[in-house]
Amino acid sequence: MIVSPSLLSADFGNLQRDCEMLNESEADWMHVDVMDGLFVPNISFGAPVIKYIKKHSTKPLDVHLMITDPQRYISMFRDLGADILNVHYEACTHLHRTIEQIRQAGMRPAVTLCPHTPIELLEDIVADVDMVLLMSVNPGFGGQKFIPNTLNKAHRLADLIKRKQLNTIIEVDGGIDATTAPQAVEAGINALVAGSFVFGSADPKQTIAWLKRL
């Protein structure tokens with residue numbers, strides 16, 4: 001199981017400390033949510049903070065762009081150190097072109113679906129991405145409750161990937177906890193984004209280790 005703790009739930013006053021904790025943990029990636037206040041009703045990390053995170057991280061950065069016109073910023077996020085670049089299906093007018101530009105820039109391309117967006121829209125693009133991120137909450141804020149229909153979407157996506165004989169990673173983000181994480185894994189998900197469940201636990205490293213073994 002791939003575990004990508006979300007820094008949106010980290011202590012921003014002790015960001016270096018939390019990055020170093022993740023470095024020492026069994027986490028695979030660090031999930032970085034970028035919000036612009038337009039695509040989602042919130043604003044989060046900007047370029048200086050991501051540059052700082054990269055400086056103190058030994059893990060790949062799993063960067064999730066919740067922004068309008070993400071294609072304008074591909075080279076910027078490459079230069080900031082993004083390893084995986086997630087763009088929203090709903091934010092890209094020419095998704096295939098954007099995916100190609102991400103890969104040409106040397107990053108792993110991923111596409112994200114909001115809760116209302118059907119899996120079937122990925123039929124002609126899933127072979128071109130390394131990962132699909134299913135939002136199990138409405139994007140924009142941490143700490144929300146898991147939307148149960150995400151499990152149905154995960155099953156359908158896993159079937160699509162199997163039918164096309166692909167190795168595409170299925171990631172889920174939102175409301176992951178001790179109950180929903182095993183359900184997600186059983187539905188075919190193989191990468192878990194966890195924010196408050198990790199950073200709000202008494203022992204974040206132990207929580208990450210538990211997620212790894214699901």
Side-chain angles (χ1 to χ4, degrees), residues 1-6 27-29 31-33 39-40 60-67 70-71 74 77 82-139 144-177 179-194 197 210-214:
M1 179 57 54
I2 296 168
V3 180
S4 186
S6 174
D28 298 276
W29 305 332
H31 192 81
V32 181
D33 288 307
F39 182 70
V40 293
L61 295 190
D62 174 24
V63 178
H64 176 195
L65 300 185
M66 289 177 263
I67 64 175
Q71 68 279 357
I74 290 171
F77 283 103
D83 297 280
I84 303 162
L85 198 63
N86 258 294
V87 295
H88 268 262
Y89 179 96
E90 304 85 2
C92 296
T93 304
H94 302 288
L95 180 59
H96 185 270
R97 180 186 298 161
T98 300
I99 293 300
E100 282 191 321
Q101 289 172 338
I102 292 170
R103 197 177 293 283
Q104 289 167 2
M107 296 174 287
R108 299 177 69 184
V111 63
T112 305
L113 298 185
C114 285
H116 71 278
T117 305
I119 290 299
E120 289 70 25
L121 293 174
L122 296 178
E123 178 76 32
D124 295 315
I125 196 68
V126 68
D128 299 302
V129 297
D130 288 7
M131 182 168 73
V132 176
L133 170 56
L134 300 178
M135 291 302 299
S136 44
V137 298
N138 286 295
Q144 297 183 67
K145 191 174 180 180
F146 186 91
I147 297 172
N149 187 55
T150 309
L151 301 176
N152 297 326
K153 293 177 70 172
H155 279 296
R156 300 203 315 273
L157 177 56
D159 288 344
L160 173 63
I161 290 168
K162 183 178 180 180
R163 175 163 56 83
K164 289 183 173 286
Q165 299 181 317
L166 302 172
N167 295 311
T168 314
I169 296 167
I170 305 175
E171 186 175 47
V172 68
D173 182 4
I176 292 298
D177 57 26
T179 300
T180 58
Q183 292 174 344
V185 174
E186 202 248 329
I189 286 160
N190 39 34
L192 298 169
V193 176
F197 182 57
W210 179 81
L211 290 170
K212 278 289 296 178
R213 284 155 181 74
L214 288 176

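Counting from 1, the numbers follow the sequence of the chain as shown.
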With sequence neighbours left out, the residues meeting side-chain contact (heavy atoms from CB on, under 4.5 Å) with S136 are F146, T150, V172

So, do D28 and K212 sit near enough that their side-chain heavy atoms are less than 4.5 Å apart? yes

Specify the closest pair of heavy atoms between A110 and I99, including all atoms of both residues, with the distance to one decimal. O-CD1, 4.1 Å

When rounded to the nearest 0.5 Å, the distance separating CD1 of I102 from CD1 of I74 is 4.5 Å

Any donor-acceptor pair under 3.5 Å from D83 side chain to L61 backbone: yes

Tell me which one of L133, L192, I84, V63 satisfies side chain to side chain contact (heavy atoms under 4.5 Å, CB included) with H31. L133

Can you name the side-chain contact (heavy atoms from CB on, under 4.5 Å) partners of A158, sequence neighbours left out? I170

For D128, give me all partners under side chain to side chain donor-acceptor pair (under 3.5 Å), at least two apart in sequence or on another chain. none

When rounded to the nearest 0.5 Å, the distance separating CD1 of I2 from CE of M131 is 7.5 Å

Only counting residues at least two apart or in another chain, list the ones meeting side chain to side chain donor-acceptor pair (under 3.5 Å) with E120. R156

Using salt bridge (charged side-chain N to carboxylate O under 4.0 Å, His left out) as the criterion, list what pairs up with K162, not counting sequence neighbours. none

Got a sec, which pairs hit salt bridge (charged side-chain N to carboxylate O under 4.0 Å, His left out) with one end in residues 182-194, sequence neighbours left out? none

Which pairs, with at least one residue in residues 84-137 and sequence neighbours excluded, count as a ring-ring contact (aromatic ring centres under 6.0 Å, His included)? F39-H88, H64-H88

Between V87 and L95, is a side chain to side chain contact (heavy atoms under 4.5 Å, CB included) present by the stated rule, with each step listed? CA-CA 9 Å; V87 295; L95 180 59; 4.0 Å; yes

How about M1 and L211: do any of their side-chain heavy atoms sit closer than 4.5 Å? no

Under the 3.5 angstrom rule, does the side chain of K153 hit a backbone N or O of T117 as a donor-acceptor pair? yes

For D33 and S6, does a side-chain donor sit closer than 3.5 Å to a side-chain acceptor? yes

Listed partners of N138 passing side chain to side chain donor-acceptor pair (under 3.5 Å), at least two apart: none

Tell me every residue that passes side chain to side chain donor-acceptor pair (under 3.5 Å) with N86, counting only those two or more places apart in sequence or in another chain. D62, T112

Would you call L157 and L113 a side-chain contact if the rule is heavy atoms closer than 4.5 Å? no

Please list, chain by chain and in numerical order, all residues satisfying side-chain contact (heavy atoms from CB on, under 4.5 Å) with A154, sequence neighbours excluded. L134, A187, I189

Of all the heavy-atom pairs spanning L85 and A82, show the shortest one and how long it is. CD1-CB, 4.3 Å

Output every pair passing salt bridge (charged side-chain N to carboxylate O under 4.0 Å, His left out) with a member in residues 84-113, not counting sequence neighbours, ordered by first then second residue. R103-D130, R108-D130

For P139 versus C114, what's the shortest heavy-atom pair and its separation? CG-SG, 3.8 Å

By side-chain contact (heavy atoms from CB on, under 4.5 Å) - contacts of T93 (at least two apart): none

Should V193 and I176 be marked as a side chain to side chain contact (heavy atoms under 4.5 Å, CB included) after you check the CA-CA gap, both sets of side-chain angles, and the distance that decides it? CA-CA 7 Å; V193 176; I176 292 298; 6.0 Å; no

